[in-house]
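Scope of the values below: all heavy atoms of this structure, side chains included, with no hydrogens, waters or symmetry mates. The structure presented is a predicted model; accordingly, all values stated were derived computationally and were not measured.
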Amino acid sequence: MMSTRKFLACFAFTLMCATLAVGQGKPNEADEAFKAGQYFNAIELYKKAYTQEKKASTKAELIFKVAECYRVLGDAPNAQVWYEKANKAQYTDPVTYYYIGEALKEQGKYAEAIAAYNKYKEKNPGDSRADASLAACQMAQTWKDQPSRYTVDPEVLLNTPQYDFSAAFSVKKNDEVVFASSRQASTGTETDGIAGESFLDLFASSRDKLGKWSEPVKLPVTINTPAHEGSATFNSKRTVMYFTRCEREKKKAFGCEIWMSKKVGSNYAEPEKLVLHPPVDEKDSNQVKLGQPTLSKDDGILIFSSNQKGGQGGKDLWMVRLDKDGKPTGTPTNLGAEINTKKDELFPFLRANGNLYFSSDGHPGMGGLDIFMAEKTGDNTWGHVENIKSPINSSGDDFSIVFDGDEEKGYFTSNRPGGKGQDDIWRFMMPNLEFALQGVCYDKETGQPLPDTKVEVVGTDGSSFSAMTDANGGFVFAEKGKDRYIKESTSYTIRASKENYLVVNDQITTVGLNESTTFAKEYYLQPVRPDKFIKLPEVQYDLGSYALRPEGKDSLETLYQTLVDNPTIIIELAAHTDSRDSDKRNMVLSQNRAQSCVNYLVEKGIDPARMQPKGYGESMLRITDAEIAKMATKEEKEAAHQKNRRTEFRVLSFDYVPKENTPAPPQNQ
């Protein structure tokens, strides 16, 4: 399968294009066809020459040249087959192994490609291309295994078994496209000698409200000629079209140029060729080829691909300013070595945000042409080139991306499997991330579900919503009509509350998440009643002391947060001692211990009116003296006494009226 990148790169290769016919299969005739870019014809000529050749080394060379034709055409499977045939015929140059690796890479057979590159390294260790290709294969496999969130699908109603590529939005609503195609309805009856296809024309199709594309229709004869018409773009008002045309006259080709045509209703005015390079001698075999225009959002800059002198090598991206009439002013400038490579940079597209997208086979990619994004770094400057990876890029040729306005969707072209034929138009989109919050509330002591519990959610985006749990204690925040409750890049505070229960607070965030997620939560609410003590994390004291130890202060942070989260509760803070010392002294000691906790919380801003310190001495031992006496070691006994020296609390009422300076629950940052 020949790729459009090779098709477009070749159909204006020299003045000899479309003038050579398949002859008797003489090697020099085949070589001339190859030099002229007539690879489709050259293949047949080389094959015929092979059948007539007697000398083994020459036969091997002819096989190699067939492989070269397939490689240049972008037909990786056939290129692989013929390079392997060249090896069997004992072709002497080990570069066949390198090109076998390239062909395998373009088919996505990365492991096999790595083996071929390693074979080439053995036979030609001085060529650094193998190391670069090995690294690219390993990187491509990683991208394939870890694709981005984009989804891609062929746009079936726009595609045919022929070439269909480079969709461009032609009306402001972006519901009509113009694209290039070599389908059978194309203008003229001749067949292009490069790929055996009809010459390219521009076609238009519109999309109805249901998203269905109409039968594509050919643009008028003012635009389409018997020669090639290729990639187009439109100004912001969609009143002017810029497009590629490769002129021919009496079977003579003149390279490719960019033309502009004003729309007149549904028709187009006679186009005008833009002057984008110095004059070229018609006898010069190195014809200037340029095309694939794209415009900046303000219509002041035109970027295009060209092989004109002054570039980095191959086809480069160039830029020129346009005047108020949309015509070039000044001399085009090359976008520089950060964008352009020694190979080809093609199919530029300037997005509304100023970033530049383009295709290249010179930057590290997955095989063939890949699509890259260059960030806008200044006034008409771009850098930080980044491969946009799988699934938009594949092991085949991927190019000519366009975005639908500011949305993360649009179209690109690919020759990957799954289309109708050669190159096809594919649509892509970034599906919305869908987040949801669901859960169940339980009674912390019984483990039973808690119906009629209020679950309140507040987001950092200013949103707030709530629900009551159902009979099974469940709640769900998912769809909200056509919207959703839980949004991307947002953090949420969650509060579960019920009468006669302590509040449970929680937080979730979607910041940094790149996969749809349902947050599943279980909230256990502590029941409270005046006759029920609630155990705190250990607040430990030294024997005979009421001073708070550092770890005791850390434990009181839990009670502090409980008081903040439940701003209306009034509590009794109870402290206890072990059984050593007298009842009277232990009662005083425990009261002091309770007061030390209150004092600590007052220092943190809790109103003392919310806390009643109460010492119980040794009257409520957790572990009795009799149980301690049975313990075997001194260490065990001391640990038991320590457990008796404890602090706990109970809720006396929900009657406190918060003051203005009451500490508020912390909010998400």
Side-chain angles (χ1 to χ4, degrees), residues 149 432-445 447-470 472-481 483-528 534-537 551 553-569 571 600-601 604-607 610 649 651 654 656 658 660-669:
R149 286 178 46 226
N432 292 329
L433 286 174
E434 294 188 348
F435 297 106
L437 168 64
Q438 65 182 38
V440 182
C441 293
Y442 298 94
D443 184 300
K444 188 174 182 179
E445 292 188 354
Q448 295 300 308
L450 273 183
D452 299 320
T453 301
K454 188 175 185 179
V455 180
E456 301 169 273
V457 184
V458 177
T460 52
D461 60 351
S463 61
S464 62
F465 42 90
S466 63
M468 304 297 290
T469 58
D470 60 23
N472 297 313
F475 65 92
V476 177
F477 296 107
E479 296 88 359
K480 185 181 180 183
D483 202 356
R484 299 190 70 86
Y485 284 100
I486 309 298
K487 306 290 185 64
E488 296 181 39
S489 303
T490 308
S491 298
Y492 296 89
T493 297
I494 305 158
R495 176 184 174 91
S497 60
K498 185 176 176 65
E499 188 176 0
N500 295 323
Y501 285 82
L502 293 181
V503 164
V504 171
N505 283 322
D506 192 16
Q507 294 182 345
I508 62 170
T509 184
T510 61
V511 175
L513 296 183
N514 55 16
E515 292 184 1
S516 295
T517 303
T518 296
F519 296 92
K521 296 289 186 175
E522 291 183 329
Y523 297 130
Y524 289 84
L525 279 68
Q526 175 68 51
V528 294
I534 299 171
K535 179 184 175 183
L536 279 171
E551 58 268 32
K553 293 179 180 180
D554 291 341
S555 298
L556 283 174
E557 292 295 326
T558 300
L559 180 54
Y560 168 75
Q561 193 61 50
T562 299
L563 290 164
V564 171
D565 292 344
N566 299 267
T568 66
I569 63 172
I571 66 168
Y600 177 80
L601 293 168
K604 290 183 66 65
I606 301 298
D607 188 342
R610 300 182 62 190
F649 77 98
V651 176
F654 289 84
Y656 180 75
E660 291 184 3
N661 61 349
T662 299
Q667 299 296 310
N668 291 325
Q669 300 299 316

*When you measure from the side chain of Arg484 to the backbone N and O of Phe435, does any donor-acceptor pair fall under 3.5 Å?*
yes
_Atom NZ of Lys454 with >12 non-hydrogen neighbours under 6.0 angstrom_ = no
*In Å and rounded to the nearest 0.5 Å, what is the NZ to CG distance from Lys498 to Asp443?*
9.5 Å
_Donor-acceptor pair, distance only, cut-off 3.5 Å: does the side chain of Thr517 make one with the backbone of Leu513?_
no
*Compare all side-chain heavy atoms of Val457 with those of Thr493 and state whether any distance is below 4.5 angstrom.*
no
*Quick one: CE on Met468 to CG on Leu450, what's the gap to the nearest 0.5 Å?*
10.5 Å
*Could you state the interatomic distance from OH (Tyr501) to OG1 (Thr453), rounded to the nearest 0.5 Å?*
7.5 Å
*Minimum heavy-atom separation for Thr469 to Pro451, with atom names?*
OG1-C, 3.3 Å
*Using modelled atom types only, decide if a donor and an acceptor are shared between the side chain of Ser516 and the backbone of Glu434 within a distance under 3.5 Å.*
yes
*Say whether, by atom type as modelled, one donor and one acceptor occur between the side chain of Tyr523 and the main chain of Arg495 under 3.5 angstrom.*
no
_Side chain to side chain, Ser463 and Tyr485, heavy atoms closer than 4.5 Å_ = no
_All ring pair (Phe, Tyr, Trp, His ring centres under 6.0 Å) counterparts of Phe654, not counting sequence neighbours_ = none
*Going by heavy atoms in the side chains, are Leu559 and Ile571 under 4.5 Å from each other?*
yes
_Thr490 (side chain) donor-acceptor with Glu488 (main chain) under 3.5 angstrom_ = yes
*Considering all heavy atoms, the nearest Pro537-Ser555 contact*: O-CB, 3.5 Å
*Quick one: does Val528's side chain get under 4.5 Å of Ile534's, heavy atoms only?*
yes
*Any chance you could measure Leu502, atom CG, to Thr562, atom OG1, to the nearest 0.5 Å?*
6.0 Å
*Residue pair Ile508, Ile494: steps toward the side-chain contact (heavy atoms from CB on, under 4.5 Å) verdict*: CA-CA 8 Å; Ile508 62 170; Ile494 305 158; 3.9 Å; yes
*Heavy atoms only: give me the nearest Val503-Ser497 pair and the separation to one decimal.*
CG2-CB, 3.8 Å
*Are Ser491 and Gln507 close enough, and set up right, to give a side-chain contact (heavy atoms from CB on, under 4.5 Å), and what steps lead you there?*
CA-CA 7 Å; Ser491 298; Gln507 294 182 345; over 6 Å; no
*Got Phe475 and Cys441 here, is their nearest side-chain heavy-atom distance under 4.5 Å?*
yes
_Any residue meeting salt bridge (Lys or Arg N to Asp or Glu O under 4.0 Å) with Glu445, in chain and number order, not counting sequence neighbours_ = none
*Between Tyr492 and Thr509, is any pair of side-chain heavy atoms under 4.5 Å apart?*
no
_I'd like to know if the side chain of Asp607 reaches the main chain of Arg610, judged simply by a donor and an acceptor atom lying under 3.5 Å from each other, with no hydrogens or angles considered._
no
_Lys521/Asp506 salt bridge by N-O under 4.0 Å criterion_ = yes
*Heavy-atom distance under 4.5 Å between the side chains of Lys444 and Leu525, does that happen here?*
no
*Trace of the salt bridge (charged side-chain N to carboxylate O under 4.0 Å, His left out) decision for Glu515 with Arg149*: CA-CA 8 Å; Glu515 292 184 1; Arg149 286 178 46 226; over 6 Å; no
_Separation between OG1 of Thr568 and OH of Tyr656, rounded to the nearest 0.5 Å_ = 10.5 Å
*Using a 4.5 Å cut-off on heavy atoms from C-beta on, say whether the side chain of Lys553 contacts that of Tyr600.*
yes
*For Tyr442, which residues count as a ring pair (Phe, Tyr, Trp, His ring centres under 6.0 Å) partner, sequence neighbours excluded?*
Tyr524
_CZ-CG distance between Phe465 and Leu437, expressed to the nearest 0.5 angstrom_ = 7.0 Å
